[in-house]
Amino acid sequence: SGQRPAPAAPPGRPQGEYLQLLLRRSREAKNCAYCPYSNFPVGAALLTADGEIFSGCNVENACYSLGVCAERTAIQKAISEGHTSFRAMAITSDMGDHFIVPCGACRQVMREFGTDWDIYLTKADGTYIVKRLEELLPLSFGPEDLKK
């Protein structure tokens, strides 16, 4: 689609222009949402450990249970390209004066890839708060629990 690759991200929490890029990519993804039933577009942008950004939007289906959330779309795109280590995700919607939060299913899918990464929850005006995944899904079950 002619998108330029993101510049190399410095380690740690995304800052400055790189954070703005992550937030912008989530807004751009929201504009691609296929949501004729809920009319609730959501976009997500996922930052991998090596600095790549994968975006996703929600995709609904007439068989409602087959729809998929933006967060899971972004994660599946990253996984399908060989990335399994993530640093941050930005999530965007049109909720007005409320921060968008991921559903429980998305939190569990995110958890599969660790608890120590940042989730940027935005409002429609672009303001955001940052939560660690472990804050969004405390006392979680993950791959390491299968080895106990």
Side-chain angles (χ1 to χ4, degrees), residues 1-61 63-95 98-138 140-144:
S1 65
Q3 276 186 336
R4 291 169 303 175
R13 183 172 274 178
Q15 305 278 336
E17 289 182 17
Y18 209 83
L19 173 56
Q20 291 308 310
L21 176 62
L22 186 68
L23 294 166
R24 187 178 79 241
R25 292 283 299 274
S26 73
R27 288 191 304 270
E28 291 169 352
K30 176 183 64 88
N31 294 332
C32 294
Y34 178 75
C35 52
Y37 309 109
S38 71
N39 294 309
F40 190 84
V42 179
L46 177 65
L47 176 63
T48 67
D50 60 357
E52 287 197 52
I53 294 175
F54 289 86
S55 61
C57 62
N58 53 322
V59 180
E60 294 179 350
N61 191 281
C63 179
Y64 290 177
S65 64
L66 295 181
V68 66
C69 298
E71 300 91 328
R72 284 181 277 157
T73 300
I75 288 171
Q76 290 164 354
K77 285 171 68 176
I79 296 295
S80 72
E81 297 292 329
H83 300 272
T84 57
S85 183
F86 309 128
R87 290 188 8 219
M89 177 180 281
I91 309 168
T92 304
S93 75
D94 291 333
M95 282 180 54
H98 298 279
F99 292 104
I100 182 72
V101 294
C103 75
C106 285
R107 293 176 198 212
Q108 183 62 44
V109 170
M110 293 170 174
R111 168 60 180 91
E112 182 72 12
F113 305 98
T115 60
D116 191 30
W117 48 296
D118 294 320
I119 312 299
Y120 289 79
L121 310 173
T122 72
K123 289 184 182 179
D125 67 4
T127 58
Y128 63 85
I129 55 174
V130 186
K131 298 288 183 184
R132 301 297 280 174
L133 186 54
E134 60 195 346
E135 294 178 84
L136 295 178
L137 192 66
S140 64
F141 183 85
E144 64 278 3

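All of these numbers come straight from a predicted model, not from anything done at the bench.
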K.L.:
Quick check for you: to the nearest 0.5 Å, what is the distance between Gln20 atom CD and Leu22 atom CG?
P.N.:
9.5 Å
K.L.:
For the residue pair Glu60 and Pro36, establish whether any side-chain heavy-atom pair is separated by less than 4.5 Å.
P.N.:
yes
K.L.:
Regarding Ser55 and Glu28, do their side chains bring together a donor and an acceptor under 3.5 Å, going by distance alone?
P.N.:
no
K.L.:
Between Pro102 and Ile91, which heavy-atom pair has the shortest distance, and what is it?
P.N.:
CD-CD1, 4.0 Å
K.L.:
Quick check: does any side chain N or O of Tyr120 sit under 3.5 Å from a backbone N or O of Ala45, one acting as donor and the other as acceptor?
P.N.:
no
K.L.:
Let me confirm one number: the CD-CD1 distance from Glu71 to Ile100, rounded to the nearest 0.5 Å.
P.N.:
7.0 Å
K.L.:
So how far is it from Thr48 OG1 to Trp117 CH2, rounded to the nearest 0.5 Å?
P.N.:
11.0 Å
K.L.:
State whether the number of non-hydrogen atoms from other residues, nucleotides or ligands found under 6.0 Å of Glu17 atom CD is greater than 12.
P.N.:
no
K.L.:
With a 4.5 Å limit on heavy-atom distance, are the side chains of Leu137 and Met110 in contact?
P.N.:
no
K.L.:
Can you give me the closest heavy-atom contact between Ala29 and Cys57, atom names plus distance?
P.N.:
O-CB, 3.2 Å
K.L.:
Is there a donor-acceptor pair under 3.5 Å between the side chain of Asn58 and the backbone N or O of Phe40?
P.N.:
yes
K.L.:
Verify side chain to side chain contact (heavy atoms under 4.5 Å, CB included) between Asp94 and Lys30, making sure each step is shown before the conclusion.
P.N.:
CA-CA 9 Å; Asp94 291 333; Lys30 176 183 64 88; 2.7 Å; yes
K.L.:
Applying side chain to side chain contact (heavy atoms under 4.5 Å, CB included), run through Met89 and Leu133 and close with a yes or a no.
P.N.:
CA-CA 10 Å; Met89 177 180 281; Leu133 186 54; over 6 Å; no
K.L.:
Give the minimum heavy-atom separation between Phe113 and Thr84, together with the two atoms involved.
P.N.:
CD2-O, 3.6 Å
K.L.:
Apply side chain to side chain contact (heavy atoms under 4.5 Å, CB included) to the pair Leu19 and Tyr128, showing each step before the final yes or no.
P.N.:
CA-CA 11 Å; Leu19 173 56; Tyr128 63 85; 3.2 Å; yes
K.L.:
Quick check: do Pro143 and Arg111 have side-chain heavy atoms less than 4.5 Å from each other?
P.N.:
yes
K.L.:
Taking atom CZ of Arg25 and atom CG of Leu23, what is their separation to the nearest 0.5 Å?
P.N.:
12.0 Å
K.L.:
Looking at every heavy atom in both Met95 and Phe99, which two are closest together, and how far apart are they?
P.N.:
CE-O, 3.9 Å
K.L.:
Check Ala70 against Gly56 and note the closest heavy-atom contact, atom names and distance.
P.N.:
CB-O, 3.6 Å
K.L.:
Do the rings of Tyr37 and Tyr64 sit parallel, tilted or perpendicular, given the 30° and 60° boundaries?
P.N.:
tilted
K.L.:
A side-chain contact here means heavy atoms from C-beta on lying under 4.5 Å apart; do Arg107 and Val101 qualify?
P.N.:
yes
K.L.:
Nearest 0.5 Å please: distance from the CG atom of Leu121 over to the OG1 atom of Thr127.
P.N.:
10.5 Å
K.L.:
Determine whether Cys69 and Val42 make a side-chain contact, defined as any pair of heavy atoms from C-beta on separated by less than 4.5 Å.
P.N.:
no
K.L.:
If you measure from CD1 on Ile53 to OH on Tyr18, what distance do you get to the nearest 0.5 Å?
P.N.:
4.0 Å
